[in-house]
Amino acid sequence: MSQTLTEIKQLLAGHGLRPKHRLGQNFLHDHNHLVRILDAAEVAAGDVVLEVGPGTGALTERLLAAGAEVVACEVDRDLEAVLRERIDTSEDRFTLVVGDVLADKRTLNAELLDRLASRRFKLIANLPYQVASPLLANLVLDHPAMDAAVVMVQKEVADRLAAPPGGKDYGALGVLVQAVCLVRRVGVLPPSCFWPAPKVSSAVVHFQRRPEPLTDDPHALAGLLHTLFGKRRKQLGAILGRGVDWPAGVEPTMRPEQLTVEQLVALSRLNLS
Ligand code: SAM
């Protein structure tokens with residue numbers, strides 16, 4: 001019961017709609033990759049799932065069929081009618097919040113938070129490209145109720161999320177997320193899996209919250225990462241100054257990208273920034 005490309009086109013056309021580029025509307029019509037997201041997420045009956053950007057409901061229908069309770073947040077009011085046509089909204093396992101998932105860069109939509117009601121949840125979504133990084137940072141920083149996530153993002157964002165130390169992809173977002181979650185890339189999708197086809201490839205990333213996060217103060221870590229990776233070509237000593245009691249294995253001549261996640265967390269405990 002996947003939505004085929006023809007069905008997605010018909011659903012939009014039936015409501016006089018076209019995909020909106022500014023809202024990152026690239027609809028996934030590849031059945032196999034939809035199944036791959038669901039498998040990676042190990043959705044079980046009774047799971048509470050946050051879906052950001054349900055679009056025409058292709059993934060939503062699958063999540064509901066797997067027995068999940070879906071709390072979905074869609075910013076495009078025009079798609080509300082499409083979703084209500086596809087999905088039985090009297091079904092009490094489906095809640096639709098129409099609005100921006102982010103109230104501002106650092107805060108989630110208040111109605112959405114209300115609907116999640118402090119329950120543990122999984123984020124499962126084909127994320128709009130402009131929202132992915134601030135949303136993931138926000139969930140990791142401020143919403144420990146998120147146990148796990150399986151998200152489709154631009155491949156470049158996936159590379160940053162899962163990056164090991166030393167390379168150009170290693171930066172503040174990846175370190176922050178890796179300090180709190182175990183992160184792995186599940187697969188890469190070519191633009192042809194979406195309609196309309198985006199300019200870049202996408203990738204599915206799986207996050208599992210660590211049983212013991214490496215930091216108990218992710219905000220202190222985020223502050224330090226902002227300072228360090230804003231000057232990533234400089235040496236630590238030049239950024240942080242003298243008199244720092246450098247953690248084991250860290251030298252003032254090293255550049256931020258050479259430090260492991262653990263070393264960056266150790267540095268964040270010194271409350272330098
Ligand atoms: N889930 C559908 C799929 O997989 O085909 C659509 C995914 S599409 C990449 C992204 C969706 O996110 C669109 O439906 C878009 O309208 C919605 N969206 C964009 N910005 C949003 C925001 N700030 N808050 C909530 N939804 C947003």
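Values below: all heavy atoms of this structure, side chains included; hydrogens, waters and symmetry mates excluded. Both counts, for ligands and for their atoms, begin at 1 and track the order of listing.
Within a 6.0 Å sphere centred on NE2 of His15, heavy atoms belonging to other residues, nucleotides or ligands number more than 12.
Protein residues having at least one heavy atom under 4.0 Å from any atom of ligand 1 are Leu23, Gly24, Gln25, Asn26, Phe27, Leu28, Glu51, Gly53, Pro54, Gly55, Cys73, Glu74, Val75, Asp76, Leu79, Gly99, Asp100, Val101, Asn126, Pro128, Val131, listed by chain and number.
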Throw together a table of side-chain donor-acceptor distances under 3.5 angstrom for residues 38-49, partners on residues two or more places apart or in other chains.
residue : atom : partner : partner atom : Å
Asp47   : OD2  : Ala44   : N            : 2.9
Asp47   : OD2  : Lys122  : NZ           : 3.1

Side chain to side chain donor-acceptor pair (under 3.5 Å), that's the test. Do His31 and Arg36 meet it? Break it down for me.
CA-CA 9 Å; His31 167 84; Arg36 215 157 156 195; over 6 Å; no
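Shown here are the side chain to side chain donor-acceptor pair (under 3.5 Å) partners of Lys20, two or more places apart in sequence or in another chain: Asp76, Asp78.
Residue pairs satisfying the salt bridge (Lys or Arg N to Asp or Glu O under 4.0 Å) criterion with at least one member in residues 140-154, sequence neighbours excluded, are listed as follows: Arg120-Asp147.
One side chain, Glu51 or Thr60, offers a donor N or O that lies under 3.5 Å from an acceptor on the other.
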